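Written below as structure tokens is the structure these notes are about.
We name chains A, B, ... by the order of the sequence lines, and we start the count at 1 in each one. Since we're looking at a predicted model, the values are computed, not measured.
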Amino acid sequence: MLPITIREITYNSVETTKTVSHCILIADKGGKHVLLTHPNLFLYKKTQSSLSTSRRYASIVSMFYRFLSTQSKMKGKELGVYHHLVDNRDIMLWQVQRQVDRLEGQSIKPNSETIYEDAKILLGYFHWLNEQGFVTNVQVGLRTWRANFKSKRMLSYIQVKAKVKIDANNIRVLDKKSRQRQSDFLITEGEIKLLLESYVDPVYRCIFNLALGTAMRPMDLVKFPFIGNRANKHILSYSEMDNGHKTTSYTVYESKGNKDRKIVINMEDLKALEEHYITPYYGERKKLYKKKYGHSCPPDILFLNKKGEPVTEKMIASRTNDAKKKSMKVDPTFRPHLSFYQTRHWWPTQHIIATFGERLLTENLEVMYLATAQAIQNQMGHEDIETTYKHYIDMARVIMMVHRGHSLDLIKAPALSVGQFITSLSLPTGIAKPDFSLQEAG
DNA sequence: CAATGTTGTTTTGATCACAC
DNA sequence: GTGTGATCAAAACAACATTG
């Protein structure tokens, strides 16, 4: 198979005279590096607004080109004409091939859904080529075609193609398995405590707490400053900005989809941040940063890891994954699907509980929606929150019922920081060790 | 016309090889 | 063992379209 590498590049576009960033594909042909012209043009034109998108599209086109290179019809053909020779059938074959590979590997992924989604993106590429006047044999009008992997005929076809022995699992079963997850219910206090204990580096513990308290996404958290600028000039370390107010506002810039929004932060959460991260670690880590990068750490970077490297989204995700595995070892009831992003459900749910208390169980949905939708929308940065909102209401109701005896604690929760809130509850399951407290962080 | 589904885009998460 | 970057996968989100 033809090796293709993906590179991210940043340069000044001649067309717009602006700086653009996107991915490009480079093939390795017998030691020579060959740029894939058409895919790269596509990536330049269509994916310069977000690197994440660029990475995703690049990896799909790359996968497809690698698949093509194994097909007999492309034998001896130049890379530059691949797009010209491809037709809809090749895209179908690619989808089938991925399914075959999956069976062969006895793997649960990629599932049919992903295969289908990826094929749609690929069609987007060919659609663009057609639009630009590059000749291809792909008719995008047929873009709703989807391999019916559940039909008997298709299934037996795929099973014959997968040469390795197949056990009783057919695709239908595999598909089901991949969707098997334990309930997506809100992370419990016990799970939070255990997870926080499992992080090796305390910086992640603090980021997690801040996430619970603010519903910020990882991409926003890593940009949280030591000293803010623009609308966030007032953000300083807690002791410098302590003015008796319970909350402060913070503007999140360039969040998902390049949107800004203004959120509320509880001062107690900032206090916890100072106590558990800034005072004990920040100074020392700043020095490491300076040593490493040759210049001092700018005030808009707050979160640094043990080595003085700025924390990124990826690091948060993989550290949390490690912490989760560790937690599952300690307590087998710790649910495997929990991830850092779960913190985002915490805020709206607690907000609803705090606002309505016992009334949650009697009041009708519309009334509650009107009363809290705006606040949740602002904090979470959603345009249309209705569907999600109902989910949160349900979640809040269940929690309310489970915690009936604790309803008073819950109602006074908004006055508490996340740390105080968690420690104020007695744990239903006894998951966490009783003497653990967030005050010990570090 | 609201509920539900589709499509396109943008994000987070998992895994694995590798360095220390 | 821990941490990391590269790569692949999945989920989330938003705008729009369809259905009942």
When the distance from [atom1] of [X] to [atom2] of [N] is rounded to whole Å, what number comes out?
X: A:Ile60; N: C:dC8; atom1: CD1; atom2: C1'; result: 10 Å
X: A:Ile316; N: B:dG13; atom1: CD1; atom2: C1'; result: 12 Å
X: A:Met380; N: C:dA12; atom1: CE; atom2: C1'; result: 10 Å
X: A:Lys46; N: B:dT7; atom1: NZ; atom2: C1'; result: 13 Å
X: A:Leu122; N: B:dT7; atom1: CG; atom2: C1'; result: 15 Å
X: A:Arg217; N: B:dG13; atom1: CZ; atom2: P; result: 11 Å
X: A:Asp220; N: B:dT11; atom1: CG; atom2: C1'; result: 11 Å
X: A:Glu313; N: C:dA9; atom1: CD; atom2: C1'; result: 17 Å

Within the 4.0 Å heavy-atom criterion, would you say [X] contacts the bases, only the backbone, or no part of the nucleic acid?
X: A:Ser339; answer: sugar-phosphate
X: A:Lys326; answer: nothing
X: A:Phe340; answer: sugar-phosphate
X: A:Ser54; answer: nothing

Which pairs with one or both residues in residues 336-345 of chain A pass salt bridge (charged side-chain N to carboxylate O under 4.0 Å, His left out), sequence neighbours excluded? none
Per the salt bridge (charged side-chain N to carboxylate O under 4.0 Å, His left out) rule, what does the pair list look like for residues 209-225 of chain A, sequence neighbours excluded? A:Asp220-A:Arg261
Would you say a side-chain N or O of [X] is under 4.0 Å from OP1 or OP2 of [N]?
X: A:Asn321; N: B:dG13; value: no
X: A:Tyr341; N: C:dA11; value: no
X: A:Thr53; N: B:dT10; value: yes

Can you list everything that forms a side-chain contact (heavy atoms from CB on, under 4.5 Å) with A:Ser318? Sequence neighbours excluded, please. none
By side-chain contact (heavy atoms from CB on, under 4.5 Å), which residues pair with A:Lys306, not counting sequence neighbours? A:Val200, A:Asp201, A:Arg285
What's touching nucleotides 17-20 of chain B from the protein side, N or O pairs under 3.5 Å?
none

The criterion is side-chain hydrogen bond (donor to acceptor under 3.5 Å, both in side chains); which residues satisfy it with A:Asp300, sequence neighbours excluded? none
Residue set satisfying side-chain hydrogen bond (donor to acceptor under 3.5 Å, both in side chains) with A:Lys45, at least two apart, ordered chain then number -> A:Glu15
Take a 6.0 Å sphere around NZ of A:Lys290 and say whether it holds more than 12 heavy atoms from other residues, nucleotides or ligands. no
Do other residues, nucleotides or ligands put more than 12 heavy atoms under 6.0 Å from the NZ atom of A:Lys326? yes
Taking only N/O atoms, report every protein-nucleotides 3-7 of chain C pair under 3.5 Å with atom names and distance.
residue: C:dG3; atom: OP1; partner: A:Lys306; partner atom: NZ; Å: 3.4
residue: C:dT4; atom: OP1; partner: A:Asn305; partner atom: ND2; Å: 2.4

To the nearest 0.5 angstrom, please state how far the CG atom of A:Asp331 sits from the CG atom of A:Leu195. 12.0 Å
Between NZ of A:Lys73 and CG of A:Leu85, what distance do you get to the nearest 0.5 Å? 6.5 Å
Please work out whether the ring planes of A:Trp94 and A:Phe67 are parallel, tilted or perpendicular, with thresholds of 30° and 60°. tilted
Note, A:Phe224 side chain near A:Ile235 side chain (heavy atom, < 4.5 Å): yes
Check: A:Arg66/A:Thr70 side-chain N/O donor and acceptor closer than 3.5 Å: no
Would you please name every residue forming a ring pair (Phe, Tyr, Trp, His ring centres under 6.0 Å) with A:His38, sequence neighbours left out? A:His83, A:Phe134
Contacting residues from residues 35-45 of chain A, given that a heavy atom lies under 4.0 angstrom of DNA chain B: none
With sequence neighbours excluded, give me every ring pair (Phe, Tyr, Trp, His ring centres under 6.0 Å) pair touching residues 301-324 of chain A. A:Tyr277-A:Phe303
Taking only the side-chain heavy atoms of A:Arg56 (C-beta and beyond), determine which of C:dC13, B:dG13, B:dT10 contains the nearest atom. B:dT10
Using a 3.5 Å cut-off on both pairing distances, which stems of three or more Watson-Crick or G-U pairs include DNA chain B? B:1-20 with C:1-20
